[in-house]
Amino acid sequence: MEYNFREVEKKWQAYWAQNKTYKTEDRSSKPKYFVLDMFPYPSGAGLHVGHPLGYIASDIFARYKRLKGFNVLHPMGYDSFGLPAEQYAIQTGQHPRITTENNIARYREQLDKIGFSFDWDREVRTSDPQYYKWTQWIFIQLFNSWYNKKSNKAENIETLIAEFERGGNGSINATCELTETFSSSDWNAFSEKDRSDVLLNYRLAFLSNTMVNWCPQLGTVLANEEVKEGVSERGGYPVERKLMKQWSLRITAYADRLLTDLDALDWTESIKEAQRNWIGKSEGTSLKFTIAPSPEGEGRGEVEVFTTRPDTLFGVSFVTLAPEHELVEKLTTPEQKKAVDEYITFAKNRSERERMADVKKITGVFTGAYVIHPFTGKQVPIWIGDYVLAGYGTGAVMAVPAHDSRDYAFADHFGIDKLVIILPPVDWDFADKSYDEKEGKLVNSDFLNGLEVKAAIKKIIAVIEERGLGKGKTNFRLRDAIFGRQRYWGEPIPVYYENGIPKVLSENELPLLLPEVDKYLPTETGEPPLARAKDWKYKGEFEYEYSTMPGWAGSSWYFLRYMDAHNDKTFASKEAFDYWQNVDLYIGGAEHATGHLLYIRFWTKFLNDLGLIPVAEPAKKLINQGMIQGVSAFVYGFAVGIDGISSEQIISKSIPKMKKFIVPKSSYDNYQKNGADSLLNKIIESELAVWKNNGYTGIIQSKELTSLIPVHIDINLIDSVTNILDVEQFKKSDRYKFLRIDEILCEENGNYICGREVEKMSKSKWNVVSPDDIVEQQGADCLRLYEMFLGPLEQSKPWSTSGISGVSNFIRKLWRLYHNGDELNISNEPATRPELKTLHKTIKKIAQDIENFSFNTSVSSFMICVNELTEFKCNKREVLEPLAILMAPYAPHIAEELWNKLGNTESITYATFPICNEDYLVESSFNYPISFNGKTRFFREYDRSLSKEDVEKEVLNLDQTQKYLEGKAPKKVIVVHNKIVNIVI
RNA sequence: GCGGAUGUGGCGUAAUGGCAGCCGCGCCAGACUUAGGAUCUGGUGCCGUAAGGCGUGGGGGUUCGAGUCCCUUCAUCCGCACCA
């Protein structure tokens with residue numbers, strides 16, 4: 001009988017659950033190993049085949065480590081706060097908790113079917129009050145902390161207050177917005193509100209007025225990494241810049257450490273590089289320009305700029321301010337006021353998306369004011385331009401058109417001088433472009449003349465500092481993380497306001513439960529949904545904070561909770577931290593490079609600073625699994641009807657009086673290429689005739705109306721090989737009804753061939769493949785092996801089931817190896833040398849592969865192994881028992897079954913990974929000593945089929961030998977296929 | 001523009017600097033048969049009847065020897081992007 005995977009998989013999954021086979025010991029004499037997956041957001045679409053890719057890899061590793069004698073922590077949980085459940089709640093009124101619980105139940109069911117070795121007793125859910133209690137608690141620690149640059153760590157705010165009381169803030173070196181100084185007597189005289197305001201400048205969780213990314217459609221602010229190309233990452237809605245009072249986390253305090261500590265991490269270079277770019281450290285100089293006095297003769301202060309190229313100071317031909325710069329209003333001369341006001345209005349109304357879309361478009365305006373060049377004394381005009389960002393550096397730059405491409409473009413556009421002060425070492429046409437390289441000799445630069453750029457930078461910084469014009473400064477691109485979200489389904493920020501002063505809840509008041517609301521929408525007055533709550537903790541007593549935490553809050557420390565998931569005294573015990581330390585292997589998608597992976601490092605460092613945990617990094621090693629893409633299917637729709645409505649509207653919405661068609665791919669291709677298609681023209685003409693016959697005269701054809709657009713349809717309606725659409729099934733589908741297609745035009749042979757394209761797998765693209773189907777049809781082990789077999793873990797690849805039959809065959813072959821018909825067929829005779837060679841070769845390869853995370857090649861090795869053993873007709877226990885153990889990480893169900901059939905009573909989980917005996921592998925070649933020129937002896941590797949005489953003859957007769965030896969003693973002769981290919985001296 | 005990655009048969013892919021294409025899919029031929037979406041055997045990089053020749057995006061280099069190392073160039077994908 002064939003291997004019955006359904007029965008076997010069900011049996012062992014039940015066994016593992018019942019016996020808690022994968023329960024992790026809190027303490028153990030074994031060494032620990034922590035394998036972590038990025039926990040999923042439980043979306044309504046369920047798991048697709050891409051999700052398990054990383055989980056299977058981590059599961060293989062975890063199982064392997066167990067077999068190697070480690071106490072393995074391999075947990076799973078859910079990142080269960082988030083927008084989709086809330087959007088669903090807005091539409092349907094169903095509480096996000098219900099939606100989330102349903103989705104989690106579905107995820108769990110799907111995960112269980114794949115046979116993961118998670119310790120479910122440690123499951124965490126970020127939306128569970130027992131969990132978010134500690135998320136809130138960590139927020140409170142952040143609020144109660146400041147960053148002391150002297151000790152280079154976060155400290156309790158009390159130490160700062162004590163310092164203020166003693167000597168004011170003069171000698172404090174903190175990460176802080178505040179520029180004013182005050183003395184201890186000032187401090188003592190401050191009101192409570194003043195003190196609170198001052199402290200907010202130091203706290204690591206703080207309230208401030210900042211420019212935020214506001215998304216009107218979502219009704220919330222978004223963090224920088226939640227905005228992609230000017231639109232929201234979730235939903236794709238436009239985002240605008242807006243000044244709002246917001247909670248933020250002072251991640252910038254950790255910028256330097258987040259950057260330098262990357263070097264020691266065993267993470268992929270691309271992630272490290274992405275984080276480096278995101279942090280964006282740049283070393284330069286701040287420089288103050290005195291503003292030329294107004295005509296009335298009054299001084300007007302200074303403009304401070306930041307530059308990485310102080311050496312180009314003599315090439316400055318103007319200074320540019322960001323439109324939002326605070327000096328703009330003060331500086332602008334009456335003559336220029338109108339132009340400047342107009343420009344500022346223009347810049348403000350230009351959405352972030354527009355601004356990014358036409359980066360090339362140069363806009364700006366002259367303020368009418370000047371600064372005085374600190375060395376030449378010349379007047380330098382001050383301009384405003386939106387190519388200067390308010391949020392970076394000082395929001396002002398010194399423009400050196402000849403040596404900075406952006407300044408060049410601006411100067412070119414407005415006809416400003418470009419003074420060359422660096423002679424490029426190569427031919428350079430300054431009429432064409434700027435020379436930005438840091439190489440060449442300076443000219444026209446007074447005391448810098450003749451110096452190389454690097455020397456000039458050194459010298460000018462020294463002079464600038466000496467004259468008090470500025471000083472060396474490091475800037476980061478990283479912004480503080482905006483922490484408040486004007487949404488419902490998140491952790492409430494545990495803050496209330498007493499006389500306008502923000503105060504955090506005390507620990508014993510946690511968790512601050514998410515209150516019930518009647519609707520999940522903002523209030524009429526524009527307050528976030530939480531303002532609707534009737535029974536809030538401080539309702540009627542104090543004002544409370546309405547915003548909730550962002551999605552990344554709960555995921556920024558979850559790895560710690562797994563260590564001690566049920567602790568209700570603390571976020572996890574010290575003993576647990578001391579034992580588990582941090583994650584040894586973290587597997588997840590690369591898309592979290594500048595979001596989650598930065599925040600989790602930030603929180604870990606913070607908790608470490610406070611002495612709460614013993615490690616400063618969350619994960620030693622990080623592997624990014626590639627994305628499994630979907631292969632979408634398209635039909636090509638267009639509509640005939642009234643002018644003025646775009647095809648997209650017609651196809652996606654149902655607009656009356658439109659007749660909608662879909663046409664085959666050939667028409668679409670032809671249309672894309674030639675802009676016309678006779679088939680389409682025919683349809684349009686005949687439709688127009690019908691409409692005219694009905695007395696309708698208002699139809700006007702336009703290009704827009706006839707343009708074809710691809711429409712996603714469900715891939716399950718397509719034959720995966722021929723791409724032929726099952727038209728009958730399609731007509732029955734909801735999708736068809738939704739699109740309200742009137743006619744489907746097929747090709748001449750009656751088939752409708754769809755277009756295919758590789759895209760991200762997503763419900764909205766109708767290309768999701770669920771792992772359930774594979775598990776149902778081929779089994780979990782087959783899915784596991786196949787997903788690994790697909791290619792290197794880190795590579796993205798489209799999902800395709802072609803080739804799954806190979807894996808499926810392999811599993812059956814494996815089964816047959818242990819059976820003769822229905823009977824188990826195992827011999828206790830000793831194995832032959834070739835059999836052992838096959839086994840040990842495989843042991844070596846599998847261990848190597850797992851350590852190197854090249855799981856795809858292991859599957860090949862298993863296939864080779866089984867093929868060879870089948871050929872040998874090997875049924876020896878000595879070989880087949882270790883083979884089952886080798887298989888266990890990859891295909892745990894069948895391995896467990898075979899293990900059990902071989903008479904083992906304990907789960908294979910507790911077996912020991914076999915050790916490779918290299919002796920079996922060196923059978924066919926060996927080292928052999930040979931004399932040469934009567935005195936030297938050396939070793940050579942050669943094929944056994946060669947006799948000693950052959951070898952000696954060959955070596956001595958070789959030209960190469962004479963050429964390369966020249967009397968020296970060779971160390972090794974390399975022979976391949978009976979030919980000497982190298983002699984190593 | 002900056003940064004990261006990847007280029008090998010019809011396809012997914014494999015090769016501590018040592019016979020390029022393992023393993024699988026697909027395809028071709030055959031065997032068996034209870035006629036199947038089963039199993040087994042053989043073949044399958046390209047050109048050529050063959051001998052043989054050519055082959056890892058292109059061009060150079062290092063090396064006895066390069067898919068692999070170095071330089072250069074092209075192409076594709078991903079991330080960041082007016083960051084001074």
Side-chain angles (χ1 to χ4, degrees), chain A residues 2 224-225 228-229 268-282 284-285 287 305-310 312 319-320 322 355-356 358-363 385-389 391-400 403-407 409-410 436 475-479 590-591 593-594 624 626-627 629 721 758 777 785-786 789-792 794-798 800-810 812-813 816 845 848 854 856-867 870 941 958-961 963-964 974-985:
Chain A
E2 286 284 290
N224 283 354
E225 78 290 339
K228 296 269 148 83
E229 289 167 17
T268 56
E269 204 45 45
S270 69
I271 292 279
K272 293 209 260 185
E273 204 51 38
Q275 292 209 347
R276 284 187 194 112
N277 288 342
W278 191 259
I279 295 166
K281 184 176 183 169
S282 96
T285 314
L287 189 55
V305 302
F306 174 77
T307 180
T308 55
R309 292 297 300 274
T312 61
V319 165
T320 317
R355 203 182 63 77
M356 286 165 88
D358 41 38
V359 164
K360 297 272 138 46
K361 195 169 151 195
I362 293 148
T363 65
D386 70 354
Y387 80 98
V388 178
L389 305 174
Y392 184 78
T394 59
V397 300
M398 60 176 227
V400 186
H403 303 292
D404 183 284
S405 53
R406 296 152 306 188
D407 298 340
F410 195 85
D436 298 7
N475 248 321
F476 292 97
R477 207 189 71 107
L478 186 71
R479 300 271 72 93
E591 67 274 17
T594 55
N624 301 115
M627 213 182 349
Q629 294 135 318
V721 179
V758 172
Q777 287 157 25
L785 285 165
Y786 184 61
F789 182 66
L790 223 44
E794 307 199 12
Q795 199 173 297
S796 287
K797 52 235 155 190
S800 138
T801 48
S802 75
I804 201 164
S805 61
V807 174
S808 182
N809 282 344
F810 158 74
R812 282 201 297 270
K813 270 189 194 171
R816 279 201 296 271
K845 187 69 176 18
Q848 256 174 16
S854 50
N856 55 326
T857 55
S858 315
V859 183
S860 296
S861 308
F862 283 131
M863 289 177 176
I864 295 167
C865 177
V866 168
N867 284 347
T870 304
E941 295 172 352
L958 256 176
D959 289 349
Q960 280 178 358
T961 315
K963 189 173 160 195
Y964 291 101
I974 312 258
V975 182
V976 176
H977 280 240
N978 296 349
K979 274 185 201 147
I980 294 184
V981 294
N982 191 25
I983 296 170
V984 180
I985 300 163

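Naming: A, B, ... by sequence-line order, numbering from 1 per chain.
B/G7 and B/G12 have their C1' atoms separated by 15 Å, given to the nearest Å. On the P atoms, B/U56 is 27 Å away from B/G4, given to the nearest whole Å. Distance check on atom C1': B/U76 versus B/G57 gives 11 Å, rounded to whole Å. Rounded to the nearest Å, the gap between the P atom of B/A66 and that of B/G58 is 15 Å. Going from the P atom of B/C54 to that of B/U73 covers 29 Å, rounded to whole Å. To the nearest whole angstrom, the two P atoms, one in B/C22 and one in B/C46, are 12 Å apart. For the P atoms, the distance from B/C80 to B/U72 is 27 Å, rounded to whole Å. Across B/A75 and B/G26, the matching C1' atoms stand 27 Å from one another, rounded to whole Å.
For B/A14, one of the phosphate oxygens OP1 or OP2 lies less than 4.0 angstrom from a side-chain nitrogen or oxygen of A/N856. In this structure, A/S805 does not reach the B/G24 phosphate: none of its side-chain N or O atoms is under 4.0 Å from OP1 or OP2. For A/N624, no side-chain nitrogen or oxygen approaches OP1 or OP2 of B/C78 to under 4.0 Å. Taking side-chain N and O atoms only, A/R276 has no distance below 4.0 Å to OP1 or OP2 of B/C2. Residue A/N277 places no side-chain N or O under 4.0 Å from the OP1 or OP2 atom of B/C2. Taking 4.0 angstrom as the limit, A/R816 places none of its side-chain polar atoms (N or O) nearer than this to OP1 or OP2 of B/A38. At B/A84, one or more side-chain N or O atoms of A/Y392 fall inside 4.0 Å of OP1 or OP2 (strictly under the cut-off).
A/S282 and A/Y392 form a side-chain donor-acceptor contact under 3.5 Å, judged by distance and modelled atom types alone. Between the side chains of A/N475 and A/K281, no donor-acceptor pair of N or O atoms lies under 3.5 Å.
One can place CD of A/E794 at 10 Å from P of B/U6, the figure rounded to the nearest angstrom. Atom CZ in A/R479 sits about 12 Å away from atom P in B/A81, given to the nearest Å. Per the geometry, CG belonging to A/L478 stands 15 Å off P belonging to B/C80, to the nearest Å. Atom P of nucleotide B/G4 and atom CD of A/E269 are separated by 8 Å, given to the nearest angstrom. Between the CG atom of A/D436 and the P atom of B/C82 there is a distance of 16 Å, rounded to whole Å. Rounded to whole angstrom, the span from the OH atom of A/Y387 across to the C1' atom of B/G1 amounts to 16 Å. Rounded to whole Å, the distance from CG on A/N867 to P on B/C40 is 9 Å. Between the C1' atom of B/A15 and the CD atom of A/Q848 lies a distance of 13 Å, rounded to the nearest Å.
For A/P792, whose side chain is taken as the heavy atoms from C-beta onward, the closest listed nucleotide among B/C23, B/U13, B/G4 is B/U13. For A/R812, taking side-chain heavy atoms from C-beta onward, the closest of the listed nucleotides B/U39, B/A14, B/C80 is B/U39. Distance from the side chain of A/I864 is smallest for B/C22 among the nucleotides B/A14, B/C22, B/C80. Side-chain proximity of A/E273 to B/C82, B/A84, B/G3: nearest is B/G3. Ranking B/C82, B/G79, B/A84 by closeness to the A/V397 side chain, first place goes to B/A84. Side-chain atoms of A/K813 lie closest to B/C40 of the nucleotides B/G79, B/A84, B/C40.
Using Watson-Crick or G-U wobble geometry with both donor-acceptor distances under 3.5 Å, B/A84 finds no partner in any strand shown. With a 3.5 Å ceiling on both atom-pair distances, the Watson-Crick or G-U wobble partner of B/C27 is B/G43. Checking B/U16 for Watson-Crick or G-U wobble geometry (two distances, each under 3.5 Å) identifies no partner in any strand. As the counterpart of B/C2, B/G79 is assigned, both hydrogen-bonding distances of the Watson-Crick or G-U wobble pattern falling under 3.5 Å. The partner of B/G67 cannot be assigned: no Watson-Crick or G-U wobble pair with both contacts below 3.5 Å exists in any strand. Remark: B/U34 base-pairs with no nucleotide; criterion is Watson-Crick or G-U wobble with both hydrogen-bond distances under 3.5 Å. Both distances falling under 3.5 Å, in either a Watson-Crick or a G-U wobble arrangement, occur for no nucleotide opposite B/C22. The partner of B/G7, taking Watson-Crick or G-U wobble pairs whose two distances both stay under 3.5 Å, is B/C74.
A/Q275 contributes no side-chain N or O that, together with a main-chain N or O of A/T594, makes up a donor-acceptor pair within less than 3.5 Å. The closest donor-acceptor contact from the side chain of A/K813 to the backbone of A/T870 lies at 3.5 Å or more, if one exists at all. With hydrogens and angles disregarded, a donor-acceptor distance shorter than 3.5 Å links the side chain of A/R479 to the backbone of A/G391. Judged purely by atom type and a 3.5 angstrom limit, A/S808 has no side-chain atom pairing as donor or acceptor with the backbone of A/I804. At least one donor-acceptor pair under 3.5 Å links the side chain of A/R309 to the backbone N or O of A/D436. Of the possible donor and acceptor atoms, one in the side chain of A/D407 sits under 3.5 Å from a partner among the backbone N and O of A/V400.
As judged by a 4.0 angstrom heavy-atom cut-off over every strand, A/V388 is placed among the base-contacting residues. No contact: A/D407 has no heavy atom under 4.0 Å from any strand.
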Could you run down the sub-3.5 Å N/O contacts of the protein with nucleotides 9-12 of chain B?
from  : atom 1 : to     : atom 2 : distance (Å)
B/G12 : O2'    : A/L790 : O      : 2.7

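Both A/T594 and A/K845 lie close to RNA chain B; mapped to their nearest nucleotides by heavy-atom distance, the more 5′-ward contact belongs to A/K845. Residues A/W278 and A/F476 both approach RNA chain B. Their nearest nucleotides, taken by heavy-atom distance, put A/W278 toward the 5′ side.
Going from atom CZ of A/F789 over to atom CZ of A/F810 covers 10.5 Å, rounded to the nearest 0.5 Å. Here the CZ atom belonging to A/R276 is positioned 15.0 Å from the CG atom belonging to A/L478, to the nearest 0.5 angstrom.
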With side chain to side chain contact (heavy atoms under 4.5 Å, CB included) as the criterion, how do A/F306 and A/L287 come out once you've worked through the C-alpha distance, each side chain's angles and the decisive distance to 0.1 Å?
CA-CA 6 Å; A/F306 174 77; A/L287 189 55; over 6 Å; no

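By the rule that a glycosidic angle within 90° of 0 means syn, B/G42 does not qualify and counts as anti.
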